[in-house]
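Below: the structure, in structure tokens.
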Amino acid sequence: MGKRVAVVLAGCGVYDGSEIHESSAVLVHLSREGAQAEVYAPDVDQMHVVDHVKGQPTQEKRNVLVESARIARGNIKDLAKLDVKGLDALIIPGGFGVAKNLSTWATQGKNCIISKAVEDVLKAFHAAKKPIGLCCISPVLAAKIFPGCELTVGHDTECEKWPYAKTAETMKELGCKHVNKHVTEIHVDVKNKLVTTSAFMCNAPIHDIYDGIGKMVKEVVRLA
């Protein structure tokens, strides 16, 4: 039997949901590793809806579970129904939805609140000593919940290649150890069973992002 891995999504689209290429990469690499992905999302309204052509919020309202179902090809469950007992690992792709719909990081930074359903799931996998894979912005969830953990969101010095490097500094303020890694690399916090990679936190070719996520998925499945 292949490992059963929960994948938690936050909507559909980089600016207001889960990053589609990251989510797809996670699902492809899980399939390649012989693992079975079980996709979940919270049944809540998005913080807002962004026009991805203009990069501007609209007046529209959308539901996180309904939008996430687009990526999952309809095969998705409400996050409230996730039971850690039957699952071997957890992966949360990035995208601004993590910082808007799964938490309030986008508006409050280190003072953010993590959605209770998301916090409960992360704590349940952690308590069960089951591995958690996080990429792009999603390591901030672990930074908030597991003080002292080790994570990477890429590099901590802002430049053209690393436009979101201030995130690493904010995570350090929460008491985490940030480890600088290239986009094709991962960091493993052995004690907390956290596997992280930077993905689109880096201005990198999409195949490099895909490869970094592949290493993250491979290690999560190995640890499961």
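The model shown is predicted, which means the values in this text are computed figures rather than measured ones.
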Inset, instruction - Please step through side-chain contact (heavy atoms from CB on, under 4.5 Å) for the pair Val195 and Ile132, ending with a clear verdict. - result: CA-CA 6 Å; Val195 186; Ile132 298 168; over 6 Å; no
Inset, instruction - Would you check, one step at a time, whether the test side-chain contact (heavy atoms from CB on, under 4.5 Å) holds for Ile209 with Val183? - result: CA-CA 6 Å; Ile209 287 154; Val183 67; 3.8 Å; yes
Legend entry - Candidate pair Cys149 and Lys177, rule side-chain contact (heavy atoms from CB on, under 4.5 Å), full reasoning: CA-CA 6 Å; Cys149 66; Lys177 180 182 178 186; over 6 Å; no
Legend entry - Worked check of side-chain contact (heavy atoms from CB on, under 4.5 Å) between Lys215 and Glu219: CA-CA 6 Å; Lys215 286 179 188 170; Glu219 183 63 13; over 6 Å; no
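Scanning both residues, Leu79 and Tyr40, for their nearest heavy atoms gives CD1-CB, 3.9 Å. Ala199 and Glu22 make their closest contact through CB-OE2, 3.4 Å (heavy atoms, listed as atom of the first residue, atom of the second, distance). In terms of heavy atoms, Lys85 sits closest to Lys130 at O-NZ, 3.6 Å. Annotation for Leu82 and Ala6: closest pair CD1-CB, 3.8 Å, computed over non-hydrogen atoms. When all heavy atoms of Val64 and Ser68 are compared, the closest pair comes out as O-OG, 2.7 Å. Nearest approach of Ala165 to Thr157, heavy atoms of both residues: CB-C, 3.4 Å.
Between Lys144 and the choices Pro139, Cys112, Cys176, the side-chain contact (heavy atoms from CB on, under 4.5 Å) rule is met once, by Cys112. Among Ile213, Ile71, Val26, the single residue meeting the side-chain contact (heavy atoms from CB on, under 4.5 Å) criterion with Pro93 is Val26.
Between the SG atom of Cys12 and the CD atom of Gln46 there is a distance of 9.0 Å, given to the nearest 0.5 Å. Note: Met171 CE to Thr152 OG1 = 7.5 Å, rounded to the nearest 0.5 Å. Rounding to the nearest 0.5 Å gives a distance of 9.5 Å between CD of Glu38 and CG of Asp88. Taking CG of Leu102 as the reference point, atom CD1 of Ile137 lies at 11.5 Å (rounded to 0.5 Å). Within the model, atoms CE of Met216 and CD1 of Ile186 stand 9.0 Å from one another, a figure rounded to the nearest 0.5 Å. Rounding to the nearest 0.5 angstrom, the gap separating the OG1 atom in Thr197 from the NE2 atom in His187 is 11.5 Å.
The backbone N or O of Ala224 lies less than 3.5 Å from a partner atom in the side chain of Lys3, making a donor-acceptor pair. The backbone N or O of Val50 sits less than 3.5 Å from a side-chain atom of Asp16, completing a donor-acceptor pair. Counting only distance, with no hydrogens or angles, the side chain of Thr170 and the backbone of Gly109 share no donor-acceptor pair below 3.5 Å. Within the 3.5 Å criterion, the main-chain N or O of Lys100 finds no donor-acceptor partner in the side chain of Thr104. In this structure, Asn203 contributes its side chain and Glu160 its backbone to a donor-acceptor pair below 3.5 Å. Here the side chain of Asp189 pairs a donor or acceptor atom with the backbone of Glu150 at under 3.5 angstrom. Of the possible donor and acceptor atoms, none in the side chain of Lys77 sits under 3.5 Å from a partner among the backbone N and O of Val39. Panel note: side chain Asn101, backbone Ala10; a donor-acceptor pair is recorded below 3.5 Å. Remark: side-chain polar atoms of Asp78 are not paired, donor with acceptor, to backbone N or O of Lys81 under 3.5 angstrom.
Environment of NZ in Lys218: sparse, with no more than 12 heavy atoms of neighbouring residues, nucleotides or ligands closer than 6.0 Å. In this structure, Asp83 places its CG atom where more than 12 heavy-atom neighbours from other residues, nucleotides or ligands lie under 6.0 Å away.
Proximity of Leu90 to Val5: side-chain heavy atoms (C-beta onward) are nowhere separated by under 4.5 Å. Inter-residue side-chain proximity for Ile206 and Phe200 is flagged as met; some heavy-atom pair is nearer than 4.5 Å. Leu141 is listed as a side-chain neighbour of Leu122, based on a closest heavy-atom distance under 4.5 Å.
The cluster map of Ile, Leu, Val, Met, Phe, Trp and Tyr, joined by side-chain heavy atoms under 4.5 Å apart, puts Phe96 and Val66 in different clusters. Hydrophobic clustering, with ILVMFWY side chains joined whenever heavy atoms are under 4.5 angstrom apart, keeps Ile114 apart from Met47. Tyr164 and Val179 fall into different hydrophobic clusters, defined by Ile, Leu, Val, Met, Phe, Trp and Tyr side-chain heavy atoms under 4.5 Å apart, directly or through other members. Under a hydrophobic clustering in which Ile, Leu, Val, Met, Phe, Trp and Tyr are joined whenever their side-chain heavy atoms come within less than 4.5 Å, directly or via other members, Ile20 and Leu30 fall into the same cluster. By the rule that hydrophobic residues join a cluster once side-chain heavy atoms approach within less than 4.5 Å of another member, Val44 and Val98 end up as members of separate clusters.
Between His182 and His155, the ring planes lie tilted relative to each other; the angle falls in the 30° to 60° range.
Looking only at atom types and distance, the side chain of His126 has a donor-acceptor partner in the side chain of Asn192 under 3.5 Å away.
Between Glu169 and Lys172, at least one side-chain nitrogen of the basic residue sits less than 4.0 Å from a carboxylate oxygen of the acidic one, meeting the salt-bridge criterion.
Ring-centre distance between His29 and Tyr210: below the 6.0 Å cut-off.
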